[in-house]
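This structure is in structure tokens; I'll ask about it shortly.
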Amino acid sequence: MTTTTPHEPPGESALALPAELLVRMHENMVRARCLEERLIRMNKQGDGYFWIGGPGEEAFNTALGLLVHKGQGPAYDYLHLHYRSSATLLAMGADPVDSLRQMKNTASDPYSGGRNFCNHYSVRKWNVVPVSSPIEVQFSMAPGTAIANKRAGGRGITIVQGGDAGTAEGDFASCLIWVSRPGNELPCLMIVTNNQGGISTPASEQHGEKHIADRGKAFGMRTAVIDGNDVETAYRALEKAMDYVRTERKPMLLEVAVSRLYGHSSASGANLITEEADCITLLEKKLEERKILPRAAMDELRARTTQELLEASKRVREEPQPDGSTLYDHVFSDRDLVHDAASRGNGAS
Amino acid sequence: MTTTTPHEPPGESALALPAELLVRMHENMVRARCLEERLIRMNKQGDGYFWIGGPGEEAFNTALGLLVHKGQGPAYDYLHLHYRSSATLLAMGADPVDSLRQMKNTASDPYSGGRNFCNHYSVRKWNVVPVSSPIEVQFSMAPGTAIANKRAGGRGITIVQGGDAGTAEGDFASCLIWVSRPGNELPCLMIVTNNQGGISTPASEQHGEKHIADRGKAFGMRTAVIDGNDVETAYRALEKAMDYVRTERKPMLLEVAVSRLYGHSSASGANLITEEADCITLLEKKLEERKILPRAAMDELRARTTQELLEASKRVREEPQPDGSTLYDHVFSDRDLVHDAASRGNGAS
Amino acid sequence: MATLVQAIRLALHVGEERLGVTDIFGEDVGPPLGGVFTQSQGLRTAWNTPLDERGIVGTAIGLALAGQRPVAEIQFCDYAFNTIDLLKLAGGVSWSSAGDYNCPVVLMTPVGSGIRGSIYHSHSFDAQATRLPGWKIVMPSNPLDAYGLLLSAIVDPNPVMLLPPKALLRAKAGPDERIPGEPDDERALAKMIDAPLGDRTRWRPEWPDVREVFVPIGKASVKRAGRDATVVTYGRMVPLAMQAAASVASEGVEVEVVDLRTLHPLDWDAVKASVKKTSRVLVLNEDTEITNFGEHLVRRLSEELFYDLYAPPRLLAGAHVPGVGLADNLERASVPQLEGVVAALRELVSHQP
Amino acid sequence: MATLVQAIRLALHVGEERLGVTDIFGEDVGPPLGGVFTQSQGLRTAWNTPLDERGIVGTAIGLALAGQRPVAEIQFCDYAFNTIDLLKLAGGVSWSSAGDYNCPVVLMTPVGSGIRGSIYHSHSFDAQATRLPGWKIVMPSNPLDAYGLLLSAIVDPNPVMLLPPKALLRAKAGPDERIPGEPDDERALAKMIDAPLGDRTRWRPEWPDVREVFVPIGKASVKRAGRDATVVTYGRMVPLAMQAAASVASEGVEVEVVDLRTLHPLDWDAVKASVKKTSRVLVLNEDTEITNFGEHLVRRLSEELFYDLYAPPRLLAGAHVPGVGLADNLERASVPQLEGVVAALRELVSHQP
Ligand SMILES: Cc1ncc(C[n+]2csc(CCOP(=O)(O)OP(=O)(O)O)c2C)c(N)n1
Ligand SMILES: Cc1ncc(C[n+]2csc(CCOP(=O)(O)OP(=O)(O)O)c2C)c(N)n1
Ligand SMILES: [Mg+2]
Ligand SMILES: [Mg+2]
């Protein structure tokens, strides 16, 4: 039965983060939460057909976005994300309005031109490869970008992330095999964000692993299981994991306990679930206790962000939809965009 | 890097087997070897288009065939085998001439009517499900027959066997997941016959696992790694493994070191490789040392069997080929054969 | 009157209670959800699987080979494309073993667009499915056919795939499409067999005493008779074709609508008879148009009825693009719409040979 | 004169030395074997993968997205059917991201029957491949086309699939199908680039200084001109069509043979021009006949050239059975043979409209 009791020793990883960083993380987490809540609203009001997203994963995903070595080409990190990664994107600098655009499937949606569901990003300039709906396929692709990272020599690594239920797909096992070939170990950080289940199926019914991360052990991989609801643990553990992968150029498997605060997706109602730990509440408690931010400031941040996104969503509503005549655009590329960028060797942006 | 140094303690599993059983195993191993050698000859002489088979795996596979709880329907063992299982089939009672028929793709080939390659068996009356060429798909099917075994209640188990390289396919991981669902553990014995490589690719280049069997550990599965070239170890370890699976109704993963004495297949020449351990030579040494069988008797057995199979191959050469007009036969079944048998609950044969 | 999804649930109930179905399984198919479309709520033998489509198909084959009667589900056909090899194997069990084994798997997977499902919840599967020798492929366009085809699938000794169109799952039965034994009142039925919202741990369905109806595999149904042109179609395109036929009927054009119901083995006699009569044919489906099953129909029609045709046979199908785009304009430009069907019919009947 | 498999090897050599290919990989593709058909012997960037087709396709996509130029191989197309979802994803990278990324993967996989490969070494892949929007699909029938199409595939910014027919791998080039720069003597070439039997650890190939020839993707080739009928075909069926054409030529019938070379995007102009001229058409391939790419050609021909045709358009393809059976009689009954092509041509030209 899969459980995610963290087994990271409390020492180093629980070290307090600097106040400034906590404030920065808090801001991003709130923005991400408000964004998701706006997306949910839009969907409920008929401004978008489907919602799926990451409320409950903001602490870990914000840490990830902040720690990424961001840029274009194999000297930088590649990100193979899934549909719960909004906080990562925002922490990297994405404009939340672009997410509203994708929800409303406008022509201006930079991730898919109104073709894909919300939270299905694609950002070539930051090595964020296209998110697609089929579960776990990103794990079959990650070894490819990791080979490029290794070849490039620098500190760039490949980060691939998915949910717990999805690890039952063979592609998760493929990734374990391919990143740990003897003599060809790859700098790949495999992340499982474990919210204890799939759409409705509890992990405890389907997964005989004590920890999913244990699956790495047979391959001689370093593994860790951490609490992703605590920003400090998340940040420290991720920093440590990334440092190992960057420096040793070897794979690691990291399992992260997270919450799912609005259920699976709009298909299951997208209503707030109050029983699960809320990483923002937990952080705000710390911020108050440590007197880093007063309650009022945090409330104000949330109110202001909510308001800004509401207004933005109204503007997005007026943006044009893609025209039917554009249907065949980009079926084929006429330029080798990824190769041009890589051979220009161009960089952080 | 995959190695198959056995880690079974020498105690119990190395216990000598009764002389009578050793003689019986020897006879089957020799018959299997002679059969494979005949198949190789037939192929080289143009009496068949392709050879693949099991020389080098006779010790373990004979033990398997002898220990199977043989019969039809879920009260008996199901066997998901691959193309190196001739010794298992012969030990179960298969007629070697049927293998010659499949090599010569005659209409009389009972396994496929001249449609499939040699050593691709199908024996419904013994729960041997059809062997197919795609590597590792048997591991995706095994949970299904194991569910039926569990449901039937008795001592019947599912045995699924494949090579080492094939464990890189996702289907091997699927099997690990499906047979170890908490509360729904299945009586399934997963066997990896490890000959240290695929067609030409050494396992040491591609597999980061110390032991492939270790992959079961994350799932709480019992595992073992044994030397399949020694009949006594093979028999004892398999007996023990089967007993565990039969009694506990839980899965187990068994890794077996074996040799590949004629290379991968006719595509790679099918010539004798003298560097690898030969399980028959090893057994014959024991039989001589223990004075169970004299050299001459063993030589005579081999000569006689070789001669018999040569003669049989000549007869098979005269058997008719399937007619082109039968092409569409059996695309659809008109009867539910497997269900009828199961519901008759009929038995050992 | 049952919706199409309720009809499936009723058939599964009859299957497990009277026809020997042992396992109804797939992702989220068991309690508490009972399927992402409610199709398996309240069923005794329904269970949840790991998130692993290959495991689902493989396990279904294993169960079938061990004399069980599995009904497996792939949650969306969009997620079945990593199992084509296993589907091919299932189709080859009998043939490859020269009849030693059969493989009585039933596989259900919802198909098609029309629910704004974007790239990965809008795929069709008819082209893929008809490329699987050894399988029978059925595709209902209404609740009664879904019920009766599924019962026939369950008792068939071969692998049978049921492809319910997602956009029709909530479609209600027409007056003559009643399942014998279902309550007259649709709210009564919902009360009996639809799981309540919220906690379901103590809920049990109350099954109506429906009777068995076996819609034969391999028999098309003429949904509307006409003399001027034939539309050969199936699934979600059937109601669209009916609407289009009704629309041109007001212009005095009588269109015959043939609902194939079974894609393989095909009711060629029915298709041929209709086209012989009308001499004009539109083949209609929503799968992508290159190497499309409708092209098989056009090919056979061209080969066998060339001189009976007063106009070139026509295929209306989905655009050859990687998916159905989310935005309305994109979905409409991707898959056949009413206007397009009407326009194609007008052109077909006005064509002068 | 290079064989088709040597031509592929030469193209891969040019690819890795001059066109930026970074990775040539697949099962047994690297040393010591260099491919089960010798296709990748002696190549600098060739490496062996785990036995995992999904990993191969996935890794190829990852490499491509990171600006590498991968050439991946699936050992036999028979083992690519568990990767259709990943192939679809590769084809959708550009479209789904609205042009943010492209995905320059080259995938090679040998196809077809004719080597007595039984059920799992005889599959065709043309129907599947043409159902992958976003991919370009090429299929050579001779060494020079294999060489030139592969070079074009390597420099194309899109996913391109090369489907070499297994039965033609040892086929020799015709006199005008030379790769510029290859040695005149075929034994000389073999000596330079074929790995020796036995220990190869110290062997290094000696590459001839071949020049680049880019056979354009999307251009068919008329292999034989004729006025009486057109055969539209590709891959292994091209030599068969040529033999059949030669055979009926002795009866005074002039058959035009169009080798598509690229299946998608299709050279429709070439097909159309030929059929307009001859008014009779046989489409020929060896994939199973239901939902077959040849049916796409027949459909477009029926729709667009209905009144130009003096005889029903005809498809000759493989039988709809789960595999090609091992026994000679079964293989011959499954896939088109010379007699069948000749008979179809005779019937086609003798047909009275
Ligand atoms: C291959 C595939 N199968 C099924 C689905 C439908 N589906 C979408 S999300 C989901 C559950 C995913 O669970 P998990 O991997 O734990 O991620 P989580 O959503 O919990 O973060 C399922 C079954 C899918 N998208 N892809
Ligand atoms: C899915 C699939 N991929 C590739 C092949 C071709 N092939 C046949 S045997 C083989 C190697 C198998 O190695 P292993 O699993 O170790 O079994 P062994 O033959 O060594 O017993 C390969 C690659 C295949 N049959 N099926
Ligand atoms: Mg989850
Ligand atoms: Mg091996």
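What's counted below: heavy atoms across the whole structure, side chains too, no hydrogens, waters or symmetry copies. Lettering of chains follows the sequences in order, A, B, ..., and the numbering in each one begins at 1.
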ask   = Which bit of S140(A) comes within less than 4.5 Å of chain B, counting heavy atoms only: side chain, backbone, both or neither?
value =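 Neither part; nothing is under 4.5 Å.
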field: chain B-proximal positions within residues 170-181 of chain A [heavy-atom distance under 4.5 Å]
entry: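 Within residues 170-181 of chain A, the residues under 4.5 Å from chain B are G170(A), A173(A), S174(A), I177(A), S180(A), R181(A).
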Check your understanding: Quick one: ring pair (Phe, Tyr, Trp, His ring centres under 6.0 Å) partners of F50(A), sequence neighbours excluded?
Key ->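 Partners of F50(A) under the ring pair (Phe, Tyr, Trp, His ring centres under 6.0 Å) test: F117(A).
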Margin query: Please enumerate all residues that pass ring pair (Phe, Tyr, Trp, His ring centres under 6.0 Å) together with H264(B), with sequence neighbours excluded.
Written below: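 Scan of H264(B) (ring pair (Phe, Tyr, Trp, His ring centres under 6.0 Å), adjacent residues dropped) gives none.
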| message | Minimum heavy-atom separation for P182(B) and S204(A), please, with both atom names. | response |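 Scanning both residues, the minimum pair turns out to be CG-O, 3.2 Å.
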Exercise for review: Output every pair passing salt bridge (charged side-chain N to carboxylate O under 4.0 Å, His left out) with a member in residues 140-154 of chain B, not counting sequence neighbours, ordered by first then second residue.
Suggested key: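 Every salt bridge (charged side-chain N to carboxylate O under 4.0 Å, His left out) pair that includes a residue of residues 140-154 of chain B, provided the two are not neighbours, is R151(B)-D23(C).
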